[in-house]
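In what follows, a single structure is set out as structure tokens and then discussed.
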Amino acid sequence: MSEADPDAERPIGGAAPVDHAAALSAAAERARAGNLARVGEKLARQNKLFVRDRLDLLLDEGTFVEDALLANALGEDLPADGVVTGTGEVDGRTVVVVANDPTVKAGSWGARTVEKMVRATELALRYELPLFWLIDSAGARITDQVELFPGRRGAGHIFHNQIKLSGRVPQICCLFGPSAAGGAYIPSFCDIVIMVEGNASMYLGSPRMAEMVIGERTTLDEMGGARMHATVSGCGDNLAVDDADAIEQAKAWFTYFPDRWRDDPPEYLAAAPSRPLTADLVPDEERRAYDMHDVLDGLLDDESFFELKPLFAPELICGLGLLEGRPVGVVANNPLQKGGVLFVDSADKAARFVWCCDAFNIPLVFLSDVPGFMVGSDVERQGIIRHGAKMVTAVSEATVPKVSVIVRKSYGAGLYAMSGPAFEPEATIALPTAKIAVMGPEAAVNAVFANKIAAIDDPDEREAFIAREREVYERDVDLLRLASELVVDAVVEFADLRTEVARRLDRARTKDRHFSERRHGVPPV
């Protein structure tokens, strides 16, 4: 073998050789740094964490495998093109993560940003991996619109893939800053949206755009702030005080779910409830308010309840908890809020929650104390029939094990919405305080005997007549009669309810999950 030519490695013109390894290392280091050196003080003033610090809080140490770190490395000061994507582990479970970097053009999307996000959703689809979205983005870069917006692999494909992922793997969104314009749809397709109060916002058009287009003057908080979405629109589920709190809530929510729709939820060591379940928690008088959370404290494992949308439609409680160490979804009327009556918002809240639990094999427990759906011209104009039908549809289609508990009263279509006997629960269980009827005795007597009552002039005679007819009506729907007619499957004392529900759910674990032969229904949404 001849000796190498000493001039063979010398570049033309005598320039120094290029150190490709050093250049790649520098580019990678630059991408990981974002623009923190330049805007770090602003981030600190906003009480925000750097994107990689957020990932450190979410993922188990040393488990992150990053994709496309050098995206747009030859571009103009766009480290990682403003989004960090890859896989990692959350409590030992592999997940996909997409995390905007607000130090890079406010986390806005360019063509490579979109491609990275599309690839992340494709990865989640390919391997059926849960997907965490850490969102903090000002939306698309208008200057790049042709490259990122309209094409087959444009921004719309992110949403297309999210919809394919819906009900297949958990999608969890932490919203730390803005989610603007089309980007606002990313949270909307997730199973839970946790918003950092004071920083997070969602909107299709900014306040400036609203003023330009429709002449409305408003503020960002009023139009798209975290508290507005958590209390009024329902687009946000839960509030967080800061980035760390949001991530902690996201991880806690994830503990109730399997990794994919094919699997059962994880199981944990059982814990006793925080309080005994006793009859004094529920007043006998059906108009007296009480907090259904107290009943949940006596039913579920101690400190296991994670409430969803606690500030939105609080007349209905939805959330996840553990019953003897096994995850369950809870849908419960709360008489402390608006008497527990069902409204448009509470029906929407319940329907989506029930669909989510059914998708991921989480059994459902319904605690019914409901006068029915709200009446009046306002709710009729809002479409309460349609929204109520949506809740009834979700409850009907849910094939996970279901147990319906009549806590105090279940009147009218409220019985249907709360998975009454006609909706194939594994059992309808009545507590000794339970009543089931088309309507309450007072309303029923007034409806049937309105003319006769009006014709009685003497007040004492009128009251005596009403009392007699109410007694007749209440005998007609007496709990013993309901049990003898097999309307309810069991009457259970308060102290025995937890064991009864747990056993019935356990024995239904092998139930047939088939509902109806079809492509899909056409729900009244």
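This is a predicted model, so every value here is computed, not measured.
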If the plane angle is over 60° it's perpendicular, under 30° parallel, otherwise tilted; pick one for Phe132 and Phe254.
->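 The arrangement is perpendicular - the two ring planes meet at more than 60°.
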Quick one, [X] and [Y] - any side-chain contact, counting heavy atoms below 4.5 Å?
{"X": "Leu431", "Y": "Val282", "value": "no"}
{"X": "Val328", "Y": "Leu364", "value": "no"}
{"X": "Arg168", "Y": "Lys164", "value": "no"}
{"X": "Val98", "Y": "Leu131", "value": "yes"}
{"X": "Tyr290", "Y": "Asp369", "value": "yes"}
{"X": "Asp91", "Y": "Asp60", "value": "yes"}
{"X": "Val169", "Y": "Val96", "value": "no"}
{"X": "Ile362", "Y": "Phe353", "value": "no"}

Are there more than 12 heavy atoms of other residues, nucleotides or ligands under 6.0 Å from atom [atom1] of [X]?
{"X": "Gln337", "atom1": "CD", "result": "yes"}
{"X": "Arg513", "atom1": "CZ", "result": "yes"}
{"X": "Arg217", "atom1": "CZ", "result": "no"}
{"X": "Glu303", "atom1": "CD", "result": "no"}
{"X": "Lys511", "atom1": "NZ", "result": "yes"}
{"X": "Asn451", "atom1": "CG", "result": "no"}
{"X": "Ile163", "atom1": "CD1", "result": "yes"}
{"X": "Arg386", "atom1": "CZ", "result": "yes"}

How close do [X] and [Y] get, heavy atom to heavy atom, and via which atoms?
{"X": "Phe515", "Y": "Ser396", "value": "CE1-O, 3.1 Å"}
{"X": "Val193", "Y": "Asp237", "value": "N-OD2, 2.7 Å"}
{"X": "Lys48", "Y": "Phe176", "value": "CE-O, 3.6 Å"}
{"X": "Pro170", "Y": "Asp191", "value": "CA-OD2, 3.3 Å"}
{"X": "Val370", "Y": "Ser368", "value": "CG1-OG, 3.5 Å"}
{"X": "Lys409", "Y": "Pro371", "value": "CE-CG, 3.8 Å"}

Is there a side-chain hydrogen bond (donor to acceptor under 3.5 Å, both in side chains) between Tyr268 and Asp301 once you walk through the steps?
-> CA-CA 10 Å; Tyr268 303 94; Asp301 294 11; over 6 Å; no
For side-chain contact (heavy atoms from CB on, under 4.5 Å), just list the numbers for Phe306 and Ile192, CA-CA rounded to whole Å, side-chain angles, deciding distance to a tenth of an Å, and then say yes or no.
-> CA-CA 12 Å; Phe306 188 121; Ile192 184 172; 4.0 Å; yes
Side-chain donor/acceptor of [X] to backbone N/O of [Y], under 3.5 Å:
{"X": "Ser346", "Y": "Leu342", "result": "no"}
{"X": "Asn238", "Y": "Glu307", "result": "yes"}
{"X": "Glu461", "Y": "Ile456", "result": "no"}
{"X": "Arg408", "Y": "Thr433", "result": "no"}
{"X": "Ser419", "Y": "Pro425", "result": "no"}
{"X": "Arg54", "Y": "Leu49", "result": "yes"}
{"X": "Asp358", "Y": "Val400", "result": "yes"}
{"X": "Lys390", "Y": "Ala347", "result": "no"}
{"X": "Asn199", "Y": "Gln46", "result": "yes"}
{"X": "Lys349", "Y": "Leu316", "result": "yes"}

Ala422: side-chain contact (heavy atoms from CB on, under 4.5 Å) partners, not counting sequence neighbours =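 Ala422 satisfies side-chain contact (heavy atoms from CB on, under 4.5 Å) with no residue once adjacent residues are dropped.
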Distance-only polar pair, side chains of Asp291 and His293, donor-acceptor under 3.5 Å |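 The criterion, which ignores hydrogens and geometry beyond distance, is satisfied for His293 and Asp291.
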Report yes or no: do Thr219 and Asp221 form a side-chain donor-acceptor pair below 3.5 Å?
->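 No pair is found: no donor N or O on one side chain lies under 3.5 Å from an acceptor on the other.
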If I take atom [atom1] from residue [X] and atom [atom2] from residue [Y], how far apart are they, to the nearest 0.5 angstrom?
{"X": "His229", "Y": "Leu311", "atom1": "NE2", "atom2": "CG", "value": "14.0 Å"}
{"X": "Ile453", "Y": "Arg462", "atom1": "CD1", "atom2": "CZ", "value": "9.0 Å"}
{"X": "Leu277", "Y": "Asp294", "atom1": "CG", "atom2": "CG", "value": "10.0 Å"}
{"X": "Asp243", "Y": "Glu248", "atom1": "CG", "atom2": "CD", "value": "13.0 Å"}
{"X": "Ile194", "Y": "Ile135", "atom1": "CD1", "atom2": "CD1", "value": "12.5 Å"}
{"X": "Leu57", "Y": "Lys251", "atom1": "CG", "atom2": "NZ", "value": "7.5 Å"}

side-chain contact (heavy atoms from CB on, under 4.5 Å) evaluation trace for Val492 with Thr499 | CA-CA 10 Å; Val492 175; Thr499 300; over 6 Å; no
side-chain hydrogen bond (donor to acceptor under 3.5 Å, both in side chains) against Asp245, all qualifying residues, sequence neighbours excluded |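 Gln249.
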Flag this pair as yes if the NZ/CZ of Lys402 is under 6.0 angstrom from the six-membered ring centre of Phe423 and inside a 45 degree cone about the axis; otherwise no.
->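 No, Lys402 does not sit over the ring of Phe423.
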Pairs flagged by side chain to side chain donor-acceptor pair (under 3.5 Å) wherever residues 256-265 is involved - sequence neighbours left out =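 Only Arg93-Asp259, Glu128-Trp261, Glu128-Arg262, Arg260-Asp263 qualify under side chain to side chain donor-acceptor pair (under 3.5 Å).
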Taking it one step at a time, do Asn100 and Leu134 satisfy side-chain contact (heavy atoms from CB on, under 4.5 Å)?
-> CA-CA 6 Å; Asn100 300 120; Leu134 308 188; over 6 Å; no
Worked check of side-chain contact (heavy atoms from CB on, under 4.5 Å) between Met374 and Gln382 = CA-CA 11 Å; Met374 189 59 184; Gln382 293 166 17; over 6 Å; no
